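Predicted model only: the values in this text are computed from it and were never measured.
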Amino acid sequence: MSNSSSSISQFLLLPFADTRELQLLHFCLFLGIYLAALLGNGLIIVTIACDHQLHTPMYFFLLNLSLTDLGCISTTVPISMANSLWDTRAISYTGCVAQSFFFLCLIVTEYYLLTVMAYDRYVAICHPLHYGTLLGSRACVHMAAAAWASGFLNAVLHTANTFSLPLCHGYAVDQFFCEIPQILKLSCSDAYLREIGFIVVSACFVFGCFVFIVVSYVQIFRAVLRIPSQQGQHKAFSMCLPHLAVVSLFVSTGMFSNLKPPSISSLSLNVVVSFLYSVFPTAVNPLIYSMRNQELKDAMWKLMTGYFYVVINFLSSAYH
């Protein structure tokens with residue numbers, strides 16, 4: 001029997017656990033991950049914004065990346081935590097639309113930002129003399145704005161088209177958050193061909209960005225291996241490896257989630273894989289970027305110690 005999307009008031013999300021003890025464990029685990037992501041990404045954003053020495057193209061794009069990470073994890077994790085805490089699976093129709101829109105907008109923006117960051121590393125290592133010309137402040141703002149605008153338009157297109165389709169297969173989503181591919185599974189088989197066409201076009205852009213990233217890093221590694229000094233090679237690799245690690249984590253988990261064969265698909269595996277590409281990277285990206293970046297670590301330490309001294313002085317003056 002066919003149901004109009006407008007007649008559905010809520011969707012049912014896939015729970016992580018079906019016993020109360022495991023639900024509370026899931027809540028505590030997600031709370032820890034969420035707080036770690038908030039702390040790590042928030043610290044990167046505040047550090048880059050406050051330290052003028054970090055007002056460079058690389059850190060400008062990193063600030064935007066941290067914003068998308070914060071947005072992604074804030075879109076999915078709090079609702080999942082609340083459902084586990086209150087022992088429910090429901091999300092309102094409006095909430096599902098909003099979650100699908102914001103998650104797709106942010107995840108697409110993040111992918112385009114990672115592509116722009118690959119270009120930034122390519123210019124910095126392969127064409128250092130032209131770095132200031134090719135990546136001036138105006139060019140950086142334009143590229144970041146293009147990434148955000150592309151994510152927004154992509155999300156508007158897919159969300160509007162998906163939720164306008166009639167749903168023939170109930171309202172239980174096989175995912176712990178609302179996601180376009182899972183909503184499409186609920187639609188009538190003869191109604192989602194237009195959306196499949198949009199997905200194919202989007203996939204072509206995604207593949208084009210992937211090829212651009214791969215070609216950029218081939219050129220980067222060729223240039224680095226031509227550097228005569230070992231110290232110069234180490235410095236160049238330290239500039240690129242964090243970004244390469246983040247791209248590899250993002251692409252590998254996303255590809256496995258969307259391209260894994262149906263023969264190995266199961267609800268539990270789908271939940272684990274979706275966690276790996278939607279939650280895990282946003283929590284570990286700050287660790288990846290700060291682990292090998294001494295400049296960023298020094299700026300963070302300077303910010304934290306300065307804040308600590310301000311608090312101590314304030315408390316001591318209040319006490320006296």
Side-chain angles (χ1 to χ4, degrees), residues 1-14 67-68 71-77 79-80 89-115 145-211 250-251 253-260 262 265 267 270-271 273-274 277-279 282:
M1 187 173 72
S2 176
N3 293 319
S4 172
S5 299
S6 59
S7 65
I8 295 178
S9 60
Q10 66 176 18
F11 290 91
L12 295 181
L13 301 177
L14 189 67
L67 286 173
T68 61
C72 278
I73 199 168
S74 297
T75 300
T76 58
V77 168
I79 293 177
S80 182
R89 298 172 53 193
I91 181 173
S92 68
Y93 181 86
T94 304
C96 188
V97 173
Q99 190 176 56
S100 300
F101 170 78
F102 284 112
F103 179 76
L104 183 59
C105 175
L106 292 163
I107 209 75
V108 171
T109 299
E110 179 161 351
Y111 185 66
Y112 286 142
L113 283 171
L114 289 171
T115 305
W148 283 96
S150 299
F152 176 80
L153 293 175
N154 203 297
V156 168
L157 178 68
H158 289 290
T159 306
N161 191 58
T162 299
F163 284 91
S164 67
L165 299 175
L167 304 181
C168 301
H169 304 291
Y171 52 92
V173 180
D174 289 338
Q175 183 63 282
F176 75 95
F177 64 95
C178 285
E179 191 182 26
I180 296 296
Q182 299 301 327
I183 302 298
L184 282 177
K185 291 181 180 179
L186 305 178
S187 64
C188 305
S189 58
D190 59 344
Y192 62 78
L193 294 179
R194 183 176 57 181
E195 174 59 19
I196 294 298
F198 289 151
I199 291 177
V200 170
V201 173
S202 297
C204 292
F205 282 104
V206 169
F207 181 72
C209 290
F210 177 74
V211 171
F250 184 90
V251 172
T253 54
M255 287 181 64
F256 182 75
S257 173
N258 292 289
L259 300 179
K260 65 181 182 299
S265 291
L267 291 181
N270 290 344
V271 169
V273 171
S274 62
Y277 89 87
S278 64
V279 176
T282 62

Find out whether V173 and L14 are in side-chain contact, i.e. whether some heavy atom of one side chain is under 4.5 Å from a heavy atom of the other.
no

Any C178 side-chain heavy atom under 4.5 Å of I91 side chain:
yes

side-chain hydrogen bond (donor to acceptor under 3.5 Å, both in side chains) with Q99: which residues, sequence neighbours excluded?
none

Using atom types as modelled, flag every donor-acceptor pair under 3.5 Å from a side chain in residues 102-113 to any protein atom, sequence neighbours excluded.
{"residue": "T109", "atom": "OG1", "partner": "C105", "partner atom": "O", "Å": "2.7"}
{"residue": "Y111", "atom": "OH", "partner": "V206", "partner atom": "O", "Å": "2.7"}
{"residue": "Y111", "atom": "OH", "partner": "F210", "partner atom": "N", "Å": "3.1"}

Less than 4.5 Å apart, side chain to side chain, heavy atoms only: is that true for F177 and V279?
no

Between Y93 and Y171, is any pair of side-chain heavy atoms under 4.5 Å apart?
no

By side-chain hydrogen bond (donor to acceptor under 3.5 Å, both in side chains) - contacts of S74 (at least two apart):
Y34

Pairing residues for S202 by the side-chain hydrogen bond (donor to acceptor under 3.5 Å, both in side chains) criterion, not counting sequence neighbours:
H158

Are L186 and F11 packed together at the side-chain level, in the sense that at least one heavy-atom pair is separated by less than 4.5 angstrom?
yes

Check ring-ring contact (aromatic ring centres under 6.0 Å, His included) between F152 and all other residues, then give those that pass, not counting sequence neighbours.
F101

What residues, two or more places apart in sequence or in another chain, satisfy side-chain hydrogen bond (donor to acceptor under 3.5 Å, both in side chains) together with T115?
none

Report yes if the side chains of S100 and F163 come closer than 4.5 Å at any heavy-atom pair, otherwise no.
yes

